[in-house]
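The structure displayed is predicted, hence computed values, not measured ones.
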Amino acid sequence: MKKLLLIALLFLMAGQPIAAQEYDLEAVYRQIDEAIDQSPEYVAAHEKLIDEKRQQYQRAMTLEDKYLLAFGLYEQYKAFMNDSALAYLQQCVELATQMKDDNRRDRCRSLMAFQCSTVGLYTESAEILQSIHPQHLDQTSLADYYKACMHVCGELGYYTSLSSMRDHYYQLQKAYRDSLYAVIDHHSDEYLMNRLSELRNEENSQEALALSRQWIKHTTPDTHEYAIACYYSWLVMPRGTDEANYLLAQSALSDVRNAVMDQASLLALAEKLNADGDLERSYKYIRFTWDCNTRFNTRMRSWQITPILNVIENNYQKAMTHNTKMLWVSVILVSVLALLLLGVLLFLHRRNRQLASTRNVLHQTNSQLVSLNAELKDANEQLSVKNEEFAVLNSQLSESNRVKEEYIGRFMSLCSQYIDKIDDYRKMVNRKMKNKELDDLFRLSKSSELKEKELEDLYQNFDSVFLHLFPNFVNDFNALLQPDMRVQPKGESRLTTEIRIFALIRLGIEDSSKIAEFLHYSVNTIYNYRARIKNGALDNRESFERRVKQLGLIQ
């Protein structure tokens, strides 16, 4: 009745919807990659435990202590190194014989038979089991005996090519399984493992899934037992689901971290990744599995790994060949692009030289325009020449950046206005001289009002053009300063002296003497302005001006 209630409960739990869960397979794969890279550390830690127990075994004085320590060494070697596991089981048999403990002796023989059958030594397993008298065994030893018998029959049934023998071995396996169920705890891992295999053979997926999830839920993660639970749960799940792939990956991860050399999960995972096209990771896993098998020393696993290894290695080599071809293609393309880039650089170098030449011409033109005050008689002739030169320069600078275009255009407008103003001034002087208003002329020549007005117009034009090009400059500039050092402009389209200094720096004019000349300040005044603003920077003051030159995009 209790068994029926348990089965009904499992069916009920399996039928209920399971909360959706995200399975980050890539994260688990990365953990497996890291665990494989750290495998020497896990192996060294396991070997250290074995060495400590071996030293205790060598120091043991009584047969009882030697037996317990030898049995403990067998358990350490069971999934780590098959030959050593069998050697220490043989030691246990000899020690139990000396102690005249037939139960322990036959239990160790049963374990030897199971260990032999896992590596394909079926004849040896059968002979060992025939030498055991199960009627004299206690419950624990009897469970190990039935487990070994069941495993040997299952392996013989799986590998025989005769259908009649296969059925015979499977019937024997079922009989031994029923005998095993009768002597083991139905909550133990051994029962759950065999029950899942039985349900899988019966294609009873619903109960198998419910039982597997309960097993995993009550197993400590990152242990060898957890790896076994995940692997057997993966066996009963539909292939290709995220949950199944996640459990297989978790099983492989736990095996690697626990220095398990008898790898089954990682082998299956390598085969799956190969089918999915992840050849590099698949090749890494199958090579690691092969190295583990070499340490464990089992022919059966080698026979299983070899065909998979060949397939994966062939696929990997094909992928490497393809990648090599693609690499050569990439090298050729990069070489072609490098040549094109070299051509572009040469072209840009030539253009830069042309622009440098153009800048020199522009500088000379500016010098000539400054001397127009002393050359009023030749103004018309020079302006016609300059207009032609500016036409040539404008065509040469058509590809230059907008900053130069804006300022040159505004500069030309200012020059034209200035010439008109000079001409108006000339007419006014001429008129006053005709009218003999010499006192007025003397008063006008002494006044600096005209200069101040012209400077104010110049700065207003500069501010207007600059803010047109960099409308967000003021806000971006203040963002680099501490709150108490931020500068507010005089008006919507006007700049303060401090901002105007750094606006010139933004345009590439960094020399304090040139800035002072433009703004009609002394060099020391400009230097003090720059130092005060840089001292108020939020970050490193040494890099402040470099960050100012990176502010804003031309609109």
Side-chain angles (χ1 to χ4, degrees), residues 78-79 82-83 85-86 89-90 93 106-137 141-184 189-205 207-208 211-212 228 231-237 239 262-265 267-268 271 289 293 296-311:
K78 180 169 60 175
N82 182 62
D83 292 343
L86 289 173
L89 278 176
Q90 183 61 41
V93 170
D106 289 343
R107 183 193 180 194
C108 292
R109 285 179 175 175
S110 299
L111 295 173
M112 286 180 67
F114 183 89
Q115 197 75 16
C116 287
S117 65
T118 60
V119 296
L121 302 176
Y122 303 127
T123 302
E124 292 83 345
S125 298
E127 289 181 359
I128 293 172
L129 291 173
Q130 287 176 1
S131 67
I132 298 173
H133 301 287
Q135 60 272 19
H136 301 303
L137 300 177
S141 301
L142 193 60
D144 289 330
Y145 171 76
Y146 287 141
K147 176 183 174 183
C149 292
M150 184 187 69
H151 191 266
V152 171
C153 291
E155 291 290 295
L156 290 173
Y158 181 80
Y159 287 106
T160 184
S161 58
L162 301 176
S163 58
S164 59
M165 294 299 296
R166 183 183 301 109
D167 294 339
H168 171 70
Y169 285 130
Y170 282 158
Q171 288 176 3
L172 285 176
Q173 182 190 34
K174 184 179 184 305
Y176 283 123
R177 181 186 291 116
D178 293 339
S179 299
L180 178 65
Y181 287 167
V183 296
I184 62 174
D189 290 349
E190 191 64 46
Y191 173 81
L192 295 171
M193 185 192 311
N194 286 282
R195 182 59 181 155
L196 282 179
S197 297
E198 185 180 14
L199 292 171
R200 181 190 178 206
N201 294 333
E202 295 173 357
E203 298 182 356
N204 189 346
S205 59
E207 185 178 349
L211 190 62
S212 68
I228 294 173
Y231 179 74
Y232 274 87
S233 298
W234 169 74
L235 287 175
V236 301
M237 286 189 174
R239 292 291 182 269
D262 186 17
Q263 292 279 353
S265 303
L267 173 62
E271 191 172 11
T289 303
N293 174 71
F296 186 67
N297 192 18
T298 165
R299 291 174 296 176
M300 287 302 298
R301 192 70 71 196
S302 297
W303 295 339
Q304 293 174 350
I305 294 174
T306 299
I308 301 174
L309 176 61
N310 291 335
V311 171

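- With sequence neighbours left out, E127 forms a salt bridge (Lys or Arg N to Asp or Glu O under 4.0 Å) with no residue at all.
- Not a single ring-ring contact (aromatic ring centres under 6.0 Å, His included) links Y158 to another residue, sequence neighbours left out.
- A distance of 14.5 Å separates OH in Y146 from OH in Y181, rounded to the nearest 0.5 Å.
- Across I128 and C116, no two heavy atoms sit closer than the pair CD1-SG, 4.5 Å.
- Applying the side chain to side chain donor-acceptor pair (under 3.5 Å) test to S141 and every residue at least two apart in sequence or in another chain returns N103, D138.
- Residue S233 holds its OG atom at 12.0 Å from CZ of R200, rounded to the nearest 0.5 Å.
- By the 4.0 Å N-to-carboxylate-O rule, D106 lies close enough to R109 to be salt-bridged with it.
- Of all the heavy atoms in L180 and A143, the pair that sits closest is CD1-O, 3.3 Å.
- For F114, the ring-ring contact (aromatic ring centres under 6.0 Å, His included) partners are H151, not counting sequence neighbours.
- Here the side chains of S117 and Y122 are in contact, with some heavy-atom distance below 4.5 Å.
- When the shell of 6.0 Å around CD of E202 is examined, it contains more than 12 heavy atoms from other residues, nucleotides or ligands.
- Put simply, the side chain of Q115 reaches to within 4.5 Å of the side chain of N82, judged on heavy atoms.
- Among all heavy-atom pairs drawn from L267 and Q263, the shortest one is CB-O, 4.2 Å.
- Annotation: the span from T160 atom OG1 to E155 atom CD amounts to 12.5 Å, rounded to 0.5 Å.
- In this structure, S212 and Y232 have side chains that are not in contact, with every pair of non-hydrogen atoms separated by 4.5 Å or more.
- In this structure, OH on Y191 lies 10.5 Å from CZ on R177, to the nearest 0.5 angstrom.
- Shown here for S125 and A113, the closest heavy-atom pair between the two residues is OG-O, 2.8 Å.
- The two residues V236 and A208 come nearest to each other via the heavy atoms CB-CB, 3.9 Å.
- Contact record, L142 with P134: CD1-O, 3.6 Å, taken as the closest heavy-atom pair.
- Using a 4.5 Å heavy-atom cutoff, the side chains of L196 and L211 are in contact.
- Rounding to the nearest 0.5 Å gives a distance of 11.0 Å between CE of M112 and CG of L129.
- In this structure, a donor-acceptor pair under 3.5 Å is absent between the side chains of N194 and E198.
- Rounding to the nearest 0.5 angstrom, the gap separating the CG atom in L156 from the CG atom in L172 is 9.5 Å.
- D167 meets the salt bridge (Lys or Arg N to Asp or Glu O under 4.0 Å) test with no other residue; sequence neighbours excluded.
- Looking at residues two or more places apart in sequence or on another chain, you find a ring-ring contact (aromatic ring centres under 6.0 Å, His included) between Y231 and W234.
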